[in-house]
Amino acid sequence: MSDTFGKGHHLHLIDGSAYIFRAYHALPPLTRKSDGLPVGAVAGFCNILFRYLNGNKGADAPTHVAVIFDHSSKTFRNDIYPEYKANRPELPEDLRPQFPLTRDATRAFNIACIETEGYEADDIIATLSCRARDAGGRVTIISSDKDLMQLVGDGVGMLDPMKNKLIGPDEVFEKFGVAPNRVVDVQSLAGDSVDNVPGAPGIGIKTAALLIQEYGDLESLLERAGEIKQPKRRESLINNADLIRISKRLVQLDCDTPLEDSFDSMAVNPPEAEELLKFLTEMEFRTLTKRVADSLKVEAPTPPAVVEDKPDLPFDHAKYENVSTADALGKWIDRIYARGYVAVDTETTSLDEMRADLVGISLCVEAGQACYIPLGHKQGGGDLFGSSELSDGQMPMGEALEMLRPMLCDASILKIGQNMKYDAKIFACQGVEVTPIDDTMLMSSALNAGLHNHGMDTLADKYLGHTPIPIKSLLGSGKSQITFDLVPVDEAVKYAAEDADITLRLWQLFKPQLHRKSVTTVYETLERPLVPVLAKMEMTGIQVDRDTLSRMSNTFAQKMGALEAEIQTLAGRSFNVGSPKQLGEILFDEMGLQGGKKGKTGAYATGADVLEDLATEHELPGKVLDWRQLAKLKSTYTDALQDHINPETGRVHTSYSLVGAVTGRLSSTDPNLQNIPVRSEEGRRIREAFVAPKGRVMVSLDYSQIELRILAHIAEIPALKQAFKDGIDIHAMTASEMFGVPVEGMDPMVRRQAKAINFGVIYGISGFGLARNLRIPRGEAQGFIDRYFERFPGIREYMDATTQFAKDNGYVQTLFGRRIHTPEINAKGPAAGFAKRAAINAPIQGTAADIIRRAMVRMPDATRDLDAKMLLQVHDELIFEVAEDAVDPLIKIAREIMEGAALPAVHLSVPITVDAGQGANWAEAH
DNA sequence: GGGCTCACG
DNA sequence: GACGTACGTGAGCCCG
């Protein structure tokens with residue numbers, strides 16, 4: 001570093017990271033209009049720089065200046081003490097993509113911009129201060145960070161930009177009670193709860209200063225700690241000497257940070273008008289652009305008429321790039337780092353992530369500019385089973401993944417996907433953990449639940465006016481369907497890159513809408529953080545015992561055969577028992593039973609309720625019911641589940657959808673593990689096949705009556721709330737209130753009726769529905785409902801208020817702000833009835849769904865020290881697989897998390913309680 | 001591929 | 001005055 005810097009020169013060192021955070025928190029969220037890029041912090045940062053430059057015209061003006069940034073949150077201090085700064089709140093998502101832009105801004109203002117991997121901005125500031133002072137120059141550090149005060153003195157000063165106040169040795173003494181050269185000693189003793197510097201327990205800045213004043217410096221103090229008179233201080237210092245020394249290494253700034261930058265490169269130069277205005281215009285900061293132009297005495301460039309024509313940018317498949325070399329991929333990775341975000345999509349051979357092979361990756365950084373990296377395409381036209389020869393012109397998969405890995409794992413690069421859980425699992429199978437992520441499907445669900453589904457085709461059509469290339473056109477359909485690895489590369493480029501392009505455009509559209517529609521918190525706390533949690537659960541899977549299922553299938557088949565013979569004897573001829581159409585004809589036409597009703601297709605209804613009624617008159621319907629139960633158990637469960645056992649893991653891996661249900665509930669597919677039988681004894685035994693491996697235990701925790709508790713809270717029903725607080729049987733209490741009978745020795749029938757009413761209320765009760773459910777006359781059911789509303793008037797108010805809210809706003813919401821749209825609420829006819837009941841139910845079901853989601857998000861961290869895996873979620877139940885000796889702590893911790901999951905966002909006025917069970921299999925645990 | 005039936009919360 | 005109704009899901013089967 002050969003430099004002309006020296007005597008008479010004055011260096012300003014600006015703490016850039018502090019400026020960014022100040023700008024971010026001081027300003028409301030601001031996004032660039034054309035594409036929704038968050039730019040609030042960049043705007044504030046530019047304003048600060050502009051004011052700084054304008055204020056620097058006096059005699060004391062700097063000759064040199066640099067802005068210093070933190071490179072990343074990981075520094076050498078984490079190697080010394082892993083907990084250092086560990087309790088920092090997570091970076092706000094809309095701040096992350098702004099970091100690279102603040103560097104751009106600094107350079108646009110023609111100011112040097114410095115950061116170094118592994119070091120904090122403070123270390124760079126320390127190093128430059130020392131070097132500048134040693135060269136004979138003067139330094140002013142522009143920051144209010146107390147951690148920098150150790151540098152003050154001997155030609156180095158500080159300026160607090162907030163208060164515009166100079167900080168010299170006197171001010172430092174005022175703050176720390178010692179001279180600047182002893183500040184580190186005081187900080188080492190006092191610790192810092194914000195940065196998680198431990199220090200000595202029970203010793204604060206005041207005490208530390210007294211001790212240092214008395215003993216001179218930290219080492220002397222520690223050596224002579226035994227002389228301290230106060231027993232508490234003495235003990236604390238003696239017992240924590242190591243911790244204090246570690247603290248010293250944490251707070252001591254490093255004056256030997258490796259730096260290439262010369263002082264000459266920091267010489268003050270006025271901004272290049274053209275460059276600066278170009279940047280500000282690109283950021284679409286109109287006011288600032290004008291003010292800067294005025295101050296530079298040049299014409300402000302006319303803002304480009306970008307705003308409206310961007311969404312109409314056509315989809316040009318010819319523009320998509322086929323990336324087949326390391327050079328080309330490197331250029332894309334550079335572009336991604338310059339942007340700070342990228343839309344990513346993977347192409348594979350299967351929708352089942354656990355069995356899928358990666359075929360290619362597409363990337364998009366800007367609308368219309370996307371690429372596809374083919375990796376596993378095979379030569380078509382081979383033998384019958386397809387050739388295993390890779391086609392030419394593809395990068396080796398390993399090389400491409402190793403190039404992409406740092407970017408995919410980089411905390412400062414946001415990876416955007418449509419249904420990112422799928423792609424994250426594909427990458428996870430390749431050993432790459434993709435983080436952080438954004439998901440357009442989940443954004444749409446937070447914004448548009450109830451209006452439409454959230455698949456890419458729907459979103460592209462609705463929001464971009466574009467119909468993507470149908471996958472069928474590449475793969476075909478039915479028996480001749482091929483897998484993506486056999487698609488020719490040039491066709492794959494168009495299809496795959498288009499998906500990434502669409503995803504990026506949707507993200508640009510949705511991101512600013514989250515704020516505008518007040519669902520940022522929903523997205524950030526209930527949707528996005530669940531992606532890695534569910535991905536982990538799905539990849540873990542649950543062990544299922546094939547022999548148990550197979551034995552049950554055989555038993556069912558035998559019983560069905562016997563029943564079938566009996567049924568056909570009773571019917572007088574053979575027919576397909578599994579055909580509702582044929583059964584209807586047997587029952588109502590041939591056997592002449594009464595009460596046959598035809599549905600819209602002209603077939604007789606033969607549902608369980610119909611057959612149950614007929615069973616009193618004839619033997620056959622009851623046998624059909626028995627047969628149907630067995631047929632269901634066999635085909636849907638004992639047979640089908642065996643096909644879902646993954647041959648490699650021996651476990652069943654379901655797939656959860658975060659957007660399957662409008663209320664916010666999860667749904668489960670391939671297989672659905674949320675409807676495994678439990679209500680019938682015969683069905684429940686299927687759960688015996690879901691087992692914990694040897695030495696481990698299945699644990700189930702489920703919320704008790706959570707929806708009724710939420711109803712009691714939302715509708716403010718004092719009697720219900722009190723009953724939950726007292727822990728008494730809620731259905732018995734309801735019956736007692738309604739029918740005036742004591743809870744003690746209650747007729748089970750009466751309790752059953754009250755229970756049906758309680759559930760009916762949650763569903764948007766009607767006399768008809770209750771009558772059918774309880775099999776009582778409609779008038780009687782209506783009487784129950786009237787009495788219920790009389791006893792609990794808050795319920796009627798809740799129903800009316802919710803319906804009205806839906807009519808006024810077009811949506812209803814949960815206690816956590818999740819919105820469920822109700823577009824049919826103002827419709828005429830039966831649709832209005834459906835919409836009304838759905839509107840009444842959605843806030844209750846949805847709030848329960850939000851609560852368990854919050855619990856699931858917190859669970860991995862809360863149970864990280866336990867040998868326990870979360871396997872399944874069944875709406876109000878979580879199932880874990882736990883090492884034997886971890887069962888009790890797991891139950892304790894998981895229960896705490898579940899019962900407190902609403903906090904601190906919502907304080908429920910009823911207690912939430914969780915029941916726990918354990919055993920060798922799911923049947924025992926439940 | 002729509003409709004019916006039935007498994008779950 | 002008639003209509004048609006419990007809320008939210010997914011899967012397997014029949015049948016056109």
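Below, chain A is the first sequence line, B the second, and so on; all start at residue 1. Side-chain atoms are counted along with the backbone in the values below, which use heavy atoms only and exclude waters and symmetry mates.
The pair A:E737-A:R787 does not count as a salt bridge, with every side-chain nitrogen at least 4.0 angstrom from each carboxylate oxygen. With respect to A:K421 and A:E538, a salt bridge is recorded, a charged nitrogen being found less than 4.0 Å from a carboxylate O.
In terms of polar N and O atoms assigned as donor or acceptor, the side chain of A:R837 never comes within less than 3.5 Å of the base of C:dG8 in a complementary pairing.
Taking the P atom of each, C:dC3 and B:dT5 are spaced 22 Å apart, rounded to whole Å.
When each of C:dG12, C:dG10, C:dG4 is scored by its nearest atom to the side-chain atoms of A:K632, the top-ranked nucleotide is C:dG10. Between C:dC15, C:dC7, B:dA7, one nucleotide has an atom nearer to the side chain of A:Q845 than all others, and that is C:dC7. Ranking C:dG12, C:dC7, C:dG8 by closeness to the A:T636 side chain, first place goes to C:dG12.
A:L770 comes within 4.0 angstrom of a base, heavy atoms only. Heavy atoms of A:N773 sit under 4.0 angstrom from at least one base atom. Within 4.0 Å of A:A608, counting heavy atoms only, lie sugar-phosphate atoms of the nucleic acid but no base atom. Residue A:I765 is in base contact, counting any heavy-atom pair closer than 4.0 Å across all strands shown.
Within the cation-pi definition used here (under 6.0 Å to the ring centroid, within 45° of the axis), A:K634 does not qualify as a partner of A:F556.
Between A:Y811 and A:F805, the ring planes are perpendicular. Angles over 60° get that label, and only those under 30° would be called parallel.
Nucleotide C:dA2: unpaired (no Watson-Crick or G-U wobble partner with both distances less than 3.5 Å).
Put simply, A:R628 has a side-chain N or O that comes within less than 4.0 Å of OP1 or OP2 on B:dC6.
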